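Computed from a prediction, not measured in an experiment: that's the story for all the values here.
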Amino acid sequence: MTATARSVFAADALDQLCINTIRALAVDAVERANSGHPGAPMALAPLAWLLFSRHLRHSPLHPRWMDRDRFVLSNGHASMLLYATLFLSGYDLSLDDLKQFRQWDSRTPGHPESHLTPGVETTTGPLGQGFANAVGMAIAEAHLAARFNRPGHEIVDHRVYGICGDGDLMEGLSHEAASLAGHLRLGKLIFFYDDNHISIDGPTELAFSEDVARRFEAYGWHVERVADGNDLAALHAAALKAERDERPSLVIVRTHIGFGAPNKQDTAAAHGAPLGRDEVAAAKRAWGWEAEEPFHVPAEALEHARRCVQRGEILHQQWLERFEAYRSAHPEAAAELEAQLKGELPRGWTDALPAFGPGDSMATRAASGKVLAAIVPRVPSLLGGSADLSESNLTYVKGTQVLRAGHFDGRYIHFGVREHAMGAVMNGMALHGGLRPYGGTFLVFSDYMRPAIRLAALMGLPVIYVFTHDSIGLGEDGPTHQPIEHLAALRAIPHLITVRPADAAETAMAWRLALERDHGPTALVLTRQKVPAFDRSVLAPASGLLRGGYVLVEATGGEARVALIGSGSEVALCVAARDILQAEGVPARVVSMPSPELFATQDRGYRDSVLPPGLYARVAVEAARPFGWHQWVGDRGTVVGLDRFGASAPYERIYQELGLTAERVAAAARELLG
């Protein structure tokens with residue numbers, strides 16, 4: 001559809017029929033499930049229909065087409081709005097799927113999940129997350145366009161549309177993400193704000209009174225207002241203005257939650273519970289809906305809506321033809337783009353990994369910086385940054401261009417002090433495809449981005465977190481900055497792998513693990529302080545990290561009587577404690593376990609070879625809360641860890657005062673042996 005044709009808008013009775021079909025399907029599904037949120041779909045159906053039928057460049061038969069426009073429903077509780085619209089416009093979603101809304105093993109869960117439902121771009125529901133995901137998608141589009149488009153070959157050229165609600169804009173995450181989007185001038189990002197004046201507790205004025213328009217204008221956004229969410233012509237005109245602007249856009253749409261329900265419209269009662277049979281019937285009468293049976297889809301509405309399929313096929317085919325022309329003109333760039341979109345790593349990239357030796361004693365954050373410096377030139381899909389801690393996280397590679405407004409080909413992002421936005425934006429970048437995002441901050445601030453980390457794990461996104469300053473070892477900054485409970489908290493997240501390497505060689509392997517892992521997020525947990533480099537010509541190779549845990553040093557002078565298990569900087573304590581025990585005639589084995597959760601996925605035979613069932617005397621050592629380690633030390637073992645916060649002092653003194661010493665580890669082993 002040309003821009004000229006799109007500027008002329010004429011709604012007809014079929015448009016209204018499609019809108020009411022979306023409304024009816026939404027309320028019917030909520031009633032059948034006896035659970036859900038009917039009010040927002042009733043209000044937003046005109047906007048959803050307009051976007052999918054007039055504005056989005058999408059192909060229902062090719063929901064993962066690279067150059068499609070993305071649509072994000074940030075207020076994910078309105079999921080039936082999206083499901084009904086996807087069904088009507090021809091995505092692989094059936095009427096039976098809608099009838100299974102919120103049921104076991106259905107493709108229509110209570111909140112949208114990207115891995116379950118065709119056409120759902122991201123998992124939303126925790127408010128603000130989808131908003132920030134959309135910012136990440138827009139960054140990804142801008143970056144790939146800047147890198148791969150050539151004159152006459154605009155093969156990356158799409159927008160990100162989204163709908164958000166009052167709750168999204170109350171959450172601090174949306175403030176962080178909106179600020180970043182405005183700073184970067186992401187002109188292909190367009191959000192529609194469902195301004196319905198209602199929250200769960202009642203009117204939004206209970207807790208929300210700022211001027212949203214002025215706030216977004218201050219962020220550098222283009223702002224439009226639509227006085228009536230049922231006015232298709234006004235919505236269309238506002239969308240066109242947004243599409244022409246070079247700034248991100250917010251279209252504020254005044255809507256009425258539960259539109260048409262005589263007793264519940266404009267009340268909190270329409271938000272998160274079924275309307276009830278009588279109220280549904282009354283609402284349908286108000287819309288002019290004549291069918292009495294639930295889940296009725298008028299044939300003429302379905303036929304009209306399914307024009308989206310034909311239109312999408314044309315758009316997709318036109319793009320394929322453009323891409324073939326691009327491939328002919330620029331074969332190397334086309335091959336590189338295709339490889340990145342498939343998530344493929346360049347052949348031989350591991351050859352670039354530094355080979356650290358016994359003389360390379362350094363902080364693991366420093367080793368990580370050296371690894372990045374080596375692999376960033378070899379892995380062009382790597383795009384990352386830091387939450388204003390570049391010099392501390394060592395995530396910036398010298399000479400790398402910074403991604404900024406008008407210069408989106410840069411490969412380093414200054415996220416600013418916006419940890420939560422960084423996490424959610426990285427999720428959006430990964431969801432978009434074509435990029436492997438990484439982001440750095442202190443481990444203690446993983447708390448600020450935990451909701452985004454959890455969703456990355458839920459969606460199986462290959463995001464990489466660079467968490468430095470991993471323990472009391474950061475020293476003088478004190479307990480406010482010293483993570484104690486954070487390792488246990490991160491390890492509790494399913495499908496997230498945390499890796500706390502013991503030395504530089506393990507750090508290189510940790511990056512290899514993170515990049516080769518394409519089905520979930522990975523957290524690299526790194527020291528501020530120097531750690532010894534183990535002599536791998538004598539001890540086990542660092543590749544053992546790839547299995548989560550391995551025997552670093554075997555006992556001598558007989559079969560091991562005790563196993564000393566550590567992660568990160570505490571592995572060196574275990575080695576020193578082993579030397580004490582061996583000198584006393586106690587054979588001791590040292591196990592480096594940088595990732596207990598990865599070790600747990602190994603086969604029983606391997607786990608037993610590292611920690612034999614008959615080796616009951618086990619001491620785990622970590623400068624953190626002991627939660628989780630009892631799985632590996634068993635009832636007869638013990639953990640040397642921390643059950644208190646840290647302190648402000650040089651790190652050597654803190655370790656001494658808090659009992660994290662080789663002597664204490666050796667003493668703990670003696671106690672177990674009696």
Engineer: Is any side-chain heavy atom of Leu88 less than 4.5 Å from a side-chain heavy atom of Thr21?
Structural biologist: yes
Engineer: Inspect the contact between Arg436 and Asp518 and indicate whether a charged nitrogen and a carboxylate oxygen are less than 4.0 angstrom apart.
Structural biologist: no
Engineer: Flag the pair Arg54 and Asp15 as a salt bridge only when some basic side-chain nitrogen lies within less than 4.0 angstrom of an acidic carboxylate oxygen.
Structural biologist: yes
Engineer: Taking the six-membered ring for Trp and the full ring for Phe, Tyr or His, determine whether the centres of His481 and His469 are under 6.0 Å apart.
Structural biologist: no
Engineer: Name the orientation class of the two ring planes belonging to Phe467 and Tyr465 (parallel below 30°, tilted from 30 to 60°, perpendicular beyond 60°).
Structural biologist: parallel
Engineer: Honestly, is Arg306 close enough over Phe87, meaning NZ or CZ under 6.0 Å from the six-membered ring centre and within 45° of the axis?
Structural biologist: yes
Engineer: What are the two closest non-hydrogen atoms of Leu180 and Val425, and how far apart are they?
Structural biologist: CD2-CG2, 4.4 Å
Engineer: Please report whether the ring centroid of Phe71 lies less than 6.0 Å from that of Tyr161.
Structural biologist: no
Engineer: Under a plain distance cut-off of 3.5 Å, with no hydrogens placed, do Tyr326 and Asn149 share a side-chain donor-acceptor pair?
Structural biologist: no
Engineer: If you measure only the distance, is there a donor-acceptor pair under 3.5 Å linking the side chains of Thr204 and Asp166?
Structural biologist: no
Engineer: More than 12 foreign heavy atoms under 6.0 Å from CD1 of Ile200: is that the case here?
Structural biologist: no
Engineer: Restricting to non-hydrogen atoms, name the atom on Glu336 and the atom on Arg147 that form the minimum distance, rounded to 0.1 Å.
Structural biologist: OE2-NH2, 2.7 Å
Engineer: Are the side chains of Thr255 and His197 in touch, meaning some heavy atoms are under 4.5 Å apart?
Structural biologist: no
Engineer: Students often mix this up, so state it plainly: with edges at 30° and 60°, are the rings of Trp49 and His304 parallel, tilted or perpendicular?
Structural biologist: tilted
Engineer: With the threshold set at 4.0 Å, does a side-chain nitrogen-carboxylate oxygen contact exist between Arg68 and Glu121?
Structural biologist: yes
Engineer: Above 12 or not: heavy atoms from other molecules or residues under 6.0 Å from NE2 of His62?
Structural biologist: yes
Engineer: Check this for me: does any side-chain nitrogen of one of Glu217 and Arg214 sit under 4.0 Å from a carboxylate oxygen of the other?
Structural biologist: no
Engineer: Using every non-hydrogen atom in the two residues, find where Val72 and Gly130 come nearest and quote the distance to one decimal.
Structural biologist: CG1-O, 3.4 Å
Engineer: Side chain to side chain donor-acceptor pair (under 3.5 Å) for Asp168 and Ser74? Distances and angles first, verdict last.
Structural biologist: CA-CA 7 Å; Asp168 288 295; Ser74 191; 2.7 Å; yes
Engineer: In this structure, is the centre-to-centre distance between the rings of Phe216 and His222 below 6.0 Å?
Structural biologist: no
Engineer: Tell me if the centroids of the rings in His111 and His77 come within less than 6.0 Å of each other.
Structural biologist: no
Engineer: Indicate whether any N or O donor in one side chain lies under 3.5 Å from an N or O acceptor in the other, for Ser386 and Tyr412.
Structural biologist: no
Engineer: Under 4.0 Å between a side-chain nitrogen and a carboxylate oxygen: does that hold for Arg418 and Asp388?
Structural biologist: no
Engineer: May I ask you to check whether His58 and Phe52 place their ring centres under 6.0 Å from each other?
Structural biologist: yes
Engineer: Testing the basics here: between Asn393 and Gly440, what is the closest heavy-atom pair and its distance to 0.1 Å?
Structural biologist: OD1-C, 3.0 Å
Engineer: Would you say the ring centers of His55 and His236 fall short of 6.0 Å from each other?
Structural biologist: yes
Engineer: Between His143 and His407, is the ring centroid distance below 6.0 Å?
Structural biologist: no
Engineer: Strictly below 4.0 Å, N to O, side chains only: are Arg159 and Glu141 in salt-bridge contact?
Structural biologist: no
Engineer: So, taking the atom named OG in Ser89 and the one named CD1 in Ile22, what distance separates them when rounded to the nearest 0.5 Å?
Structural biologist: 8.0 Å
Engineer: Report the distance from atom CG of Leu461 to atom CD1 of Ile453, rounding to the nearest 0.5 Å.
Structural biologist: 12.5 Å
Engineer: By side chain to side chain donor-acceptor pair (under 3.5 Å), which residues pair with Trp221, not counting sequence neighbours?
Structural biologist: none
Engineer: Do Val376 and Arg411 make a side-chain contact, defined as non-hydrogen atoms from C-beta onward lying under 4.5 Å apart?
Structural biologist: yes
Engineer: Salt bridge or not between Glu113 and Arg107? Use side-chain N to carboxylate O under 4.0 Å.
Structural biologist: no
